[in-house]
Amino acid sequence: MGVISAGVQDCRERIDRACRLAGRQAESVCLLAVSKNFPARAVREARRAGQRRFGESYLQEALAKQDELADLDLEWHFIGPIQGNKTRPIAERFAWVHGVDRLKVAQRLAVARPANLPPLNVCIQVNVSGEASKHGVAPAGALALAREVVGLPRLKLRGFMCIARATGDPAEQRSQFGRARALLEQGAGLGLDTLSMGMSSDLEAAIMEGATIVRVGTAIFGQRQYDKETTP
Ligand SMILES: *Cc1c(COP(=O)(O)O)cnc(C)c1O
């Protein structure tokens, strides 16, 4: 078995174990494989291991990969920051967008989503750590934004996405993820069903706090050689 197939399998086992500990069904958590900085052939290998949902952060890289992999049945999620002038290709080429953090971007996605496609699934990114370097709306403004986005045509608001501050302390991880969970609870009535949270280093804590999508890169594909997010 190749290293990527083994990574997919290990990751599913981690999710299963965390779900058992949390008293949740394993099917209630969906694995999004984050393939940014990895070539199309890595996605192909993960697909052979049964993985169908892939997350990408950089638009040009993602579009090239999608073209190269057009023969496969894949579901693409855009998880990077969204520039206002890039909303059209995002709305046309992805099934989900996780990083919506302002109304203007949501409006542009709504206008650009082709009528022949199902509604674009959207999560509002919430800055649960309060770090200036992180994107996302402040928790205090998240529900107001959700109430505006939920009314937009061609979009389906699914819930909230967040990235916790890097810390090895599971209690601190859980307290950050708990802020997103609280928003989902406060937003009951908006018809939301998604918490996109948890990555390679903290997916267990996220599942304890109700994550329904975990976004995992390194634990599946290995260390990224060049991560634009941490490079100025
Ligand atoms: C890169 C990235 C991930 C995956 O992170 P890993 O630590 O490699 O699992 C998840 N979510 C977002 C938004 C990312 O940019």
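The residues of the chain are indexed from 1 along the displayed sequence. Atoms within each ligand, like the ligands themselves, are counted from 1 in listed order.
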Asker: State whether a side-chain donor-acceptor pair under 3.5 Å links Glu56 with Ser35.
Answerer: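 Side-chain D/A pair, Glu56 to Ser35: present.
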Asker: Do Arg158 and Val122 have side chains that approach each other closer than 4.5 Å (heavy atoms only, starting at C-beta)?
Answerer: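 In short, these two side chains do not touch, never coming nearer than 4.5 Å.
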Asker: Arg215 heavy atoms, cut-off 4.0 Å: which ligand 1 atoms fall inside?
Answerer: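 Answer, ordered by atom number: 4 (C), 9 (O), 10 (C), 11 (N), 12 (C), 13 (C).
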Asker: Pull out every atom of ligand 1 sitting under 4.0 Å from any heavy atom of Thr218, numbered as shown with elements.
Answerer: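 By the 4.0 Å cutoff, the relevant atoms are 6 (P), 7 (O), 8 (O), 9 (O).
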Asker: Can you name the nearest heavy-atom pair linking Glu75 to Ala95, along with the distance?
Answerer: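 Taking every non-hydrogen atom into account, CG-CB, 3.8 Å.
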Asker: Check for a donor-acceptor pair, side chain of Arg215 on one end and backbone N or O of Ile163 on the other, with a separation under 3.5 Å.
Answerer: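 Checking the backbone N and O of Ile163 against the side chain of Arg215, no donor-acceptor pair under 3.5 Å is found.
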Asker: To the nearest 0.5 Å, what is the distance between CE (Met197) and SG (Cys123)?
Answerer: 11.0 Å
Asker: Show me which atoms of ligand 1 lie under 4.0 Å from any heavy atom of Ile163.
Answerer: 13 (C)
Asker: With ring-ring contact (aromatic ring centres under 6.0 Å, His included) as the rule and sequence neighbours excluded, what pairs involving residues 18-48 come up?
Answerer: Phe38-Phe221
Asker: For ligand 1, which atoms sit closer than 4.0 Å to a heavy atom of Ser57?
Answerer: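 That gives atoms 15 (O) of ligand 1.
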Asker: Are any of the N/O atoms in Ser201 less than 3.5 Å from those in ligand 1?
Answerer: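 Not met; the criterion fails.
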Asker: Side chain, backbone, both or neither: which part of Lys36 has a heavy atom under 4.0 Å from ligand 1?
Answerer: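 Side chain only.
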Asker: Does any pair with a residue in residues 103-115 pass side-chain hydrogen bond (donor to acceptor under 3.5 Å, both in side chains), and if so which ones, sequence neighbours excluded?
Answerer: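 For residues 103-115, and leaving out neighbouring residues, there are no side-chain hydrogen bond (donor to acceptor under 3.5 Å, both in side chains) pairs at all.
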Asker: Under 4.0 Å from a heavy atom of Val216: which atoms of ligand 1 are those, numbered in the order shown and with their elements?
Answerer: 9 (O)
Asker: Hey, is Ser200 touching ligand 1 through its side chain, its backbone, both or neither, going by heavy atoms under 4.0 Å?
Answerer: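 Both of them.
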Asker: Hey, is Arg224 one of the residues with a heavy atom under 4.0 angstrom from ligand 1?
Answerer: yes
Asker: If we count only N and O atoms by modelled type, under 3.5 Å, do the side chains of Glu131 and Ser133 hold a donor and an acceptor together?
Answerer: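 Per modelled atom types, Glu131 and Ser133 side chains form no pair under 3.5 Å.
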Asker: Taking only heavy atoms of Gly217, which atoms of ligand 1 are found under 4.0 Å from at least one of them?
Answerer: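 Matching atoms, with element in brackets: 4 (C), 6 (P), 8 (O), 9 (O).
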Asker: Would you mind running through ligand 1 and noting each atom that sits below 4.0 Å from a heavy atom of Ile79?
Answerer: 11 (N), 12 (C), 13 (C), 14 (C)
